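Positions are given from 1 along the sequence. A quick note: this is a predicted structure, and the numbers were derived from the prediction, not measured.
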Amino acid sequence: MILAVGTDLTWAHEEHDAASIVFTNAQSQLISQVAAAAKKPVVLVTYTATPLDISAEMANDKVGAIMH
């Protein structure tokens with residue numbers, strides 16, 4: 001299974017820094033719930049122009065790969 005999540009230009013853009021480097025609560029819950037329900041490891045694809053803290057996703061045994 002492939003799960004794509006990311007940010008839009010409301011997070012960060014020219015002359016505007018990101019206020020946070022973590023996924024929203026809704027995104028974190030989605031990732032956790034999809035990974036828990038998946039029969040095989042999940043490939044997580046992140047679409048973002050800002051660095052994100054993916055330590056929780058890396059620690060999830062059901063996430064097999066993360067692509068940025």
Run the side-chain donor-acceptor check on residues 26-35: report pairs under 3.5 Å with partners two or more places apart or on a different chain.
residue, atom, partner, partner atom, Å
Gln27, OE1, Thr24, N, 3.1
Gln27, OE1, Thr24, OG1, 3.3
Gln27, NE2, Gly6, O, 2.7
Ser28, OG, Thr24, O, 3.3
Ser32, OG, Ser28, O, 3.1

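In this structure, the side chains of Phe23 and Thr7 stay at 4.5 Å or more apart for every pair of heavy atoms.
A continuous path of ILVMFWY side-chain contacts below 4.5 Å connects Met58 to Leu3, so both sit in one hydrophobic cluster. Linking Ile, Leu, Val, Met, Phe, Trp and Tyr whenever their side-chain heavy atoms come within less than 4.5 Å leaves Ile66 and Val22 in two separate clusters. Linking Ile, Leu, Val, Met, Phe, Trp and Tyr whenever their side-chain heavy atoms come within less than 4.5 Å puts Ile2 and Met67 in one cluster.
Legend: side chain to side chain donor-acceptor pair (under 3.5 Å) pairs involving residues 57-68, not counting sequence neighbours, sorted by first then second residue: Thr46-His68.
In this structure, Asn25 has no side-chain hydrogen bond (donor to acceptor under 3.5 Å, both in side chains) partners at least two apart in sequence or on a different chain.
The distance from atom CD1 of Ile54 to atom OG1 of Thr48, rounded to the nearest 0.5 Å, is 11.0 Å.
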